[in-house]
2 protein chains.
Amino acid sequence: MTDETFTASARPPASVDEFRDRLAAVTTDLPRRLRQCADYIAAHSDRIAVSTVAELAAGADVPPSALMRFCQIMGFSGFSEMQKLFREAYAPGWPDYSTRLKNLKQGGAGSPTALLAEFVEAGRLSLESLAKTVDEVALAEAVRLLSAAGTVHVVGFRRAFPVASYLAYVFEKMSVPAMLHDGVGKLDHRFALRPGDAVLAITFAPYSEETLTLAQDARDRGLAVVGLTDRVTSPLARSAAATITVPEVDFGAFRSLSATIALALSLAVAVGSARE
Amino acid sequence: MTDETFTASARPPASVDEFRDRLAAVTTDLPRRLRQCADYIAAHSDRIAVSTVAELAAGADVPPSALMRFCQIMGFSGFSEMQKLFREAYAPGWPDYSTRLKNLKQGGAGSPTALLAEFVEAGRLSLESLAKTVDEVALAEAVRLLSAAGTVHVVGFRRAFPVASYLAYVFEKMSVPAMLHDGVGKLDHRFALRPGDAVLAITFAPYSEETLTLAQDARDRGLAVVGLTDRVTSPLARSAAATITVPEVDFGAFRSLSATIALALSLAVAVGSARE
DNA sequence: ACGATTTTGGAACAAATATTCCATAGCACG
DNA sequence: CGTGCTATGGAATATTTGTTCCAAAATCGT
């Protein structure tokens, strides 16, 4: 009678991070109903703050009492204590950010501030989406290929050009031999591609012909090609040894590039570190 | 006895937007305590979903019953109904976004995914900060100046260059006469600046000499100069008729540019619309 | 297949929370 | 200086919500 069935640790989690750790630690070897609770909670932890026991239990398809037991196994005295943690943890991010956005939009459609609000929002969504969907394996592979290369050739035109130029800048700062193919003077510097070099190609729909051609050309010559594009079905994927897709949210005809730049920066800095 | 004191409209707000509209409409001519409620709720609407009547009332420094009356004036049957609206609309930035970030960082410092997590976070913070601190007056003024100009000359080097090049791209797409000063061939196209033109200069610390010089030169000749920079004390502010500052969060030696690009886009699209 | 042990569901209970109501305080107007 | 009206605070009440507990079912080991 004195020992608890499951290690209901003495102290409850003090933060959402601790909560997640304990959830992960405890979630194996748990009876069926309790495991249902754990799974549902893991997938919907954001709703703890705004739901009742009954609602969550219904969602997890268990009786309320099972959920209560689950709370206790997690180390809380009960559901209320657990909910308190999530209600208080909810403060960061937007103390009044969303209010502010609303205000900005009130300038009226087309006003500079309303546009700004839209682009800020698009950027934020893109970044969140990137964090959720990025292909870690492809990213690691891209870093590997570029780190092993002689010179990195960066190519991107039109809306991809700002990204390409920033990459070139960062590579230079990190002393990585890099060359920006910018099409100035209608020269393609195709013959600058030498064995052992790598190409980092960036293009979004509608894909620019020059970029695709250069990527294919490099591949035919046996160079490593890394593609940065918007869809896995992009024609760039055919030429690339590693393809990374960036889910960028557009507003109107233009994209914020936030996610693309974040990804490009990570890539460049990782390559720069790896080459030292 | 039949008429309500304040127009407690028959139907409650069906969305947060409607809620805000009604709040704005009703907030004037309201007795003292109720106005306290309105003010507090307006400033903390994000906490409605996760608080009790008592907590909110304490925050607004009114008795709970006053808050109840406020809910009814807003058209709800009571607090619970109002809270329901906010609980359903509650979709915080972390459906599992923060979990994901945590996982990405677990790759270890310096790993590509950890870097990505940092840059994503920096970008998000920058965007939020931009929304909160942008100077609406300066932005409107900048739009006015650029809309009235003949040709818009965009100048920005080094890390500002990606932004400048994107601006040039967007201006072109929107049929705004624009010229990108990119320093190719060591030419400065100073003599392309003609009376009636405007300069959009972008530079961050350490401020690039060429940009500052060009901006000052333009000003001396009586052209309108719009500055996009990082601090109000930036040397660029001396030459500019309108200065917009962008609070960009750096990670390591590099900046995400998210906020800068969002701002630049808004500016360009607003100018493009205004000129039609 | 039997008994010991764990798990489960739901009903009873306790606590928290929302809501109503009314006596009183404040205010404007005659 | 009343008089009638509105606003206010708090106590009483109703409702919802959380929590406990125990009998029954399932599971496991022998």
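A note on names: the letters A, B, ... follow the listed sequences, proteins ahead of strands, and every chain is numbered from 1.
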With the threshold set at 4.0 Å, does a side-chain nitrogen-carboxylate oxygen contact exist between B:E128 and A:R124?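 A salt bridge is present here (some side-chain N lies under 4.0 Å from a carboxylate O).
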Any carboxylate oxygen within less than 4.0 angstrom of a Lys/Arg side-chain nitrogen, looking at B:K84 and B:E81?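 Salt bridge absent between B:K84 and B:E81.
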How many Å lie between [atom1] on [X] and [atom2] on [N], as a whole number?
| X | N | atom1 | atom2 | answer |
| --- | --- | --- | --- | --- |
| A:I48 | D:dT17 | CD1 | C1' | 17 Å |
| B:I73 | C:dT19 | CD1 | C1' | 15 Å |
| A:L56 | D:dT17 | CG | C1' | 12 Å |
| B:R35 | D:dA7 | CZ | C1' | 16 Å |
| B:F70 | D:dT6 | CZ | C1' | 19 Å |
| A:Q83 | C:dT17 | CD | P | 9 Å |
| A:R33 | C:dG9 | CZ | C1' | 9 Å |
| B:K84 | D:dT16 | NZ | C1' | 14 Å |

Find every protein N or O atom lying less than 3.5 Å from an N or O atom of nucleotides 19-21 of chain D, and list the pairs.
| from | atom 1 | to | atom 2 | distance (Å) |
| --- | --- | --- | --- | --- |
| D:dT19 | OP1 | A:S80 | N | 3.4 |
| D:dT19 | OP1 | A:S80 | OG | 3.2 |
| D:dT19 | OP2 | A:F79 | N | 2.6 |
| D:dT19 | OP2 | A:S80 | N | 3.3 |
| D:dT20 | OP2 | A:Q72 | NE2 | 2.9 |

Degree of bending, the helix from C:dA1-D:dT30 to C:dG30-D:dC1 (end axes from five pairs; round to 10°):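 One end's axis against the other's: 30°.
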Check: A:S51 main-chain N/O paired with A:Q83 side-chain donor or acceptor under 3.5 Å: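 Side chain of A:Q83 to backbone of A:S51: a pair is present.
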If we ignore hydrogens and angles and just use 3.5 Å, is the side chain of A:D230 paired with the main-chain N or O of A:A205 as donor and acceptor?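 Yes, the answer is positive, given that a donor and an acceptor are paired below the 3.5 Å cut-off.
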Distance check, rounded to the nearest 0.5 Å: A:L257 atom CG versus A:E248 atom CD?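 Atom-to-atom, A:L257:CG and A:E248:CD are 5.5 Å apart.
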Quick check for you: to the nearest 0.5 Å, what is the distance between B:L115 atom CG and B:S111 atom OG?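 Atom-to-atom, B:L115:CG and B:S111:OG are 6.5 Å apart.
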Which class fits the ring pair B:F76 and B:F19: parallel under 30°, tilted 30 to 60°, perpendicular over 60°?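 Tilted: the ring planes of B:F76 and B:F19 meet at 30° to 60°.
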If I compare all heavy atoms of A:A14 with all of A:L85, which pair ends up nearest, and what's the gap?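 The pair with the smallest heavy-atom distance is O-CD1, 3.6 Å.
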Examine A:R255 relative to A:F204 and say whether NZ or CZ is less than 6.0 Å from the centre of the six-membered ring and inside a 45° cone about the ring axis.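 Yes, a cation-pi geometry holds between A:R255 and A:F204.
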Between A:F70 and A:F79, ring centroids under 6.0 Å: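 Distance test on ring centres: not under 6.0 Å, no.
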Could you go through nucleotides 27-30 of chain D and list every protein N or O atom that sits under 3.5 Å from one of its N or O atoms, giving the distance for each pair?
none

Can B:Q36 and B:R33 be said to form a side chain to side chain donor-acceptor pair (under 3.5 Å), step by step? CA-CA 5 Å; B:Q36 270 177 260; B:R33 280 285 113 109; 2.9 Å; yes
Selected nucleotide, minimal atom distance to A:T52 side chain, candidates D:dT8, C:dT7, D:dT17: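 Ranking D:dT8, C:dT7, D:dT17 by closest atom to the A:T52 side chain puts D:dT17 first.
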